[in-house]
K.L.:
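Attaching a single structure in structure tokens format; questions to follow.
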Amino acid sequence: MIFESHAHYDDKQFDSDRDKLLSSMQANGIGRIINVGSDFAACKRTAELARQYDFVYGAIGIHPSDIGDLSEEVMEWLKETANDPRIVAIGEIGLDYYWEKDPQEQNTQQYWFGRQLELAREISLPVIIHSRDAAEDTLKLMKNMHAEQIPGVIHCFSYSAGMAEEYVKMGYYIGIGGVITFKNARKLKETAAKIPLERILLETDCPYLSPEPNRGKRNSSLNLPYVVKEIAALRGITEQEVEEATWENARRLFSL
Ligand code: NI
């Protein structure tokens, strides 16, 4: 069975067939799914999905591109809602300088990233971290905040193998998805071959980032076998070994 550690089934791209698709997952080898909130509305829908399907769990947190949604009231809502045993992580939270070039707004991202890290520490939940074009500031902020004391995953990892090793040293997991099947994903292939298997999580980030041969189409967890196959080939191990190890890794991180 495959453990999908990062999906967005709340997305409107799934409105036409969400129930049909989710109901087909377990028969197709997708045993568990973490649905991850991004903006406030997505967090609310995530909590609903996690209550609706027994194999779906939720992560709630505000994505750096959506911090306009954040306030003390929303922080309070996150804290309260995270009491629900179906909510197993805070995320996705982090920094995104690809979409945000204004240094003042980047500071605001750092502020709310820090606040949500603190929340996770306070309520003893792991974090799901989004970091894009912000390698240096993400690592600096996490080191300053002693994030090595908070379990978590760097989702959709896009930096160097050296940077992945820094995070592994801090006890973090590395989320690997469809990008690994792209021909030009040299850094990610190197990372997936090098870091300990005990630190890899499988993810789609669906509906985005479909792997080859479905690149460009709507993604879903049903495409994860392509990711498994690529990781197995890169490491010279079987696909079953990849599935089993990543299943155990996700169970460990999310305490399931
Ligand atoms: Ni995501």
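Please read all numbers here as calculations on a predicted model, not as lab measurements.
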K.L.:
Is Leu224 reachable from Phe3 through a run of hydrophobic residues whose side-chain heavy atoms are each under 4.5 Å from the next?
P.N.:
no
K.L.:
Provide the closest heavy-atom pair for Ala135 versus Tyr167 in the form atom of the first, atom of the second, distance.
P.N.:
O-OH, 4.3 Å
K.L.:
Which label fits His130 and His63: parallel for a plane angle under 30°, tilted from 30 to 60°, or perpendicular past 60°?
P.N.:
tilted
K.L.:
So, are Glu118 and Arg121 salt-bridged, with charged N and O less than 4.0 Å apart?
P.N.:
yes
K.L.:
For the side chain of Gln109 and the backbone of Asp96, is there at least one donor-acceptor N/O pair under 3.5 Å apart?
P.N.:
yes
K.L.:
Could you give me the CA-CA distance, side-chain angles and deciding distance for Thr246 and Ile176, then say whether side-chain contact (heavy atoms from CB on, under 4.5 Å) is met?
P.N.:
CA-CA 10 Å; Thr246 52; Ile176 295 178; over 6 Å; no
K.L.:
Take atom OH in Tyr111; do more than 12 heavy atoms of anything else shown fall under 6.0 Å from it?
P.N.:
yes
K.L.:
Determine yes or no for a side-chain-to-main-chain donor-acceptor pair under 3.5 angstrom, with Ser210 supplying the side chain and Lys217 the backbone.
P.N.:
yes
K.L.:
Under the side-chain contact (heavy atoms from CB on, under 4.5 Å) criterion, do Glu203 and Ile128 qualify, and how do the steps go?
P.N.:
CA-CA 12 Å; Glu203 63 165 65; Ile128 296 175; over 6 Å; no
K.L.:
Within the structure provided, determine whether Ile150 and Ile90 are in side-chain contact (heavy-atom separation under 4.5 Å).
P.N.:
no
K.L.:
For Gly58 and Ala50, which heavy atoms make the closest approach, and how far apart are they?
P.N.:
N-CB, 3.7 Å
K.L.:
Leu21, Tyr57: one ILVMFWY side-chain cluster at the under-4.5 Å cut-off?
P.N.:
no
K.L.:
Where the side chain of Arg86 meets the backbone of Tyr53, is there a donor-acceptor pair that is under 3.5 Å apart?
P.N.:
yes
K.L.:
Do Met25 and Trp247 share a hydrophobic cluster (ILVMFWY, side-chain heavy atoms under 4.5 Å, transitive)?
P.N.:
no
K.L.:
Taking the six-membered ring of Phe55 as reference, does the NZ or CZ atom of Arg32 fall below 6.0 Å from its centre and within a 45° cone about the axis?
P.N.:
no
K.L.:
Any salt bridge linking Glu100 with Arg132? Criterion: basic side-chain nitrogen under 4.0 Å from a carboxylate oxygen.
P.N.:
no
K.L.:
Between Arg218 and Asp11, does any NZ, NE, NH1 or NH2 come within less than 4.0 Å of an OD or OE carboxylate oxygen?
P.N.:
no
K.L.:
Do Leu202 and Val168 belong to the same hydrophobic cluster, where Ile, Leu, Val, Met, Phe, Trp and Tyr are linked whenever their side-chain heavy atoms lie under 4.5 Å apart, directly or via other members?
P.N.:
yes
K.L.:
Could you check Trp112 against Asp66 for side-chain contact (heavy atoms from CB on, under 4.5 Å), going step by step and ending with a plain yes or no?
P.N.:
CA-CA 10 Å; Trp112 286 115; Asp66 296 303; over 6 Å; no
K.L.:
Under 3.5 Å, side chain of Asp10 to main-chain N/O of Arg45, donor-acceptor pair present?
P.N.:
no
K.L.:
Distance-only, no hydrogens or angles: does the Ser5 side chain make a donor-acceptor pair with backbone N or O of Ile33 under 3.5 Å?
P.N.:
no
K.L.:
Over all heavy atoms of both residues, which pair between Ala82 and Ile60 is shortest? Give the atoms and the distance, please.
P.N.:
N-CD1, 3.9 Å
K.L.:
Nearest 0.5 Å, what's the CD1-CD1 distance between Ile93 and Ile129?
P.N.:
5.5 Å
K.L.:
Establish whether Val153 and Leu139 are linked, either directly or via other cluster members, by ILVMFWY side-chain heavy-atom contacts under 4.5 Å.
P.N.:
no
K.L.:
Could you report the tightest heavy-atom contact between Asp19 and Ser23, atom names first, then the distance?
P.N.:
O-OG, 2.6 Å
K.L.:
Could you verify whether a donor N or O on one side chain and an acceptor N or O on the other, from Tyr159 and Ser131, lie under 3.5 Å apart?
P.N.:
yes
K.L.:
Inspect the contact between Glu212 and Lys229 and indicate whether a charged nitrogen and a carboxylate oxygen are less than 4.0 angstrom apart.
P.N.:
no
K.L.:
Under 3.5 Å, is there a donor-acceptor pair between the side chain of Glu239 and the main chain of Pro225?
P.N.:
no
K.L.:
Decide, yes or no, whether a salt bridge links Glu148 with Lys169 under the criterion of side-chain N to carboxylate O below 4.0 Å.
P.N.:
no
K.L.:
Leu78 and Gly61: which non-hydrogen atoms are nearest, and at how many Å?
P.N.:
CD2-N, 4.0 Å
K.L.:
How long is the gap from CZ on Arg186 to OG1 on Thr191, to the nearest 0.5 Å?
P.N.:
9.5 Å
K.L.:
For the atom pair NZ (Lys20) and CG (Leu22), what is the distance rounded to the nearest 0.5 Å?
P.N.:
12.0 Å
K.L.:
Report the distance from atom SG of Cys43 to atom CD of Glu92, rounding to the nearest 0.5 Å.
P.N.:
9.5 Å
K.L.:
Does Lys101 NZ have over 12 foreign heavy atoms under 6.0 Å away?
P.N.:
yes
K.L.:
Which distance, rounded to the nearest 0.5 Å, do you find between the CD of Glu165 and the CZ of Arg199?
P.N.:
13.0 Å
K.L.:
Between the side chains of Glu122 and Lys79, is the shortest nitrogen-to-carboxylate-oxygen separation below 4.0 Å, so that they form an ion pair?
P.N.:
yes
K.L.:
Hey, does Pro64 have a side-chain heavy atom less than 4.5 Å from the side chain of Tyr97?
P.N.:
no
K.L.:
Tell me the closest heavy-atom pair linking Ala89 and Phe254, and the distance in Å.
P.N.:
CB-CE2, 3.8 Å
K.L.:
Determine whether Cys156 and Leu209 make a side-chain contact, defined as any pair of heavy atoms from C-beta on separated by less than 4.5 Å.
P.N.:
yes
K.L.:
Is it true that the side chains of Asp137 and Gln106 contain a donor and an acceptor less than 3.5 Å apart?
P.N.:
no
K.L.:
Evaluate the criterion side-chain contact (heavy atoms from CB on, under 4.5 Å) for residue pair His8 and Val36; output intermediate values, then yes/no.
P.N.:
CA-CA 6 Å; His8 299 284; Val36 183; 3.9 Å; yes
K.L.:
Verify, without hydrogens or angle tests, whether Asn219 (side chain) and Tyr208 (backbone) share a donor-acceptor contact under 3.5 angstrom.
P.N.:
yes
K.L.:
Students often mix this up, so state it plainly: with edges at 30° and 60°, are the rings of Tyr9 and Phe14 parallel, tilted or perpendicular?
P.N.:
tilted
K.L.:
Any chance you could measure Glu4, atom CD, to Asn223, atom CG, to the nearest 0.5 Å?
P.N.:
10.0 Å
K.L.:
Is it true that atom CD of Gln149 has more than 12 heavy atoms of other residues, nucleotides or ligands lying nearer than 6.0 Å?
P.N.:
yes
K.L.:
Given side chain to side chain donor-acceptor pair (under 3.5 Å), test Gln52 with Glu48 step by step and report yes or no.
P.N.:
CA-CA 6 Å; Gln52 198 179 342; Glu48 283 163 24; over 6 Å; no
K.L.:
Please determine if Lys187 and Glu190 form a salt bridge, counting it only when a charged side-chain N lies under 4.0 Å from a carboxylate O.
P.N.:
no
K.L.:
Counting N and O atoms only, with roles assigned by atom type, does the side chain of Asn249 sit under 3.5 Å from a partner on the main chain of Ile200, one being a donor and the other an acceptor?
P.N.:
yes
K.L.:
Is there a donor-acceptor contact under 3.5 Å from the side chain of Arg115 to the main chain of Glu72?
P.N.:
no
K.L.:
Quick check: does any side chain N or O of Asn28 sit under 3.5 Å from a backbone N or O of Ser24, one acting as donor and the other as acceptor?
P.N.:
yes
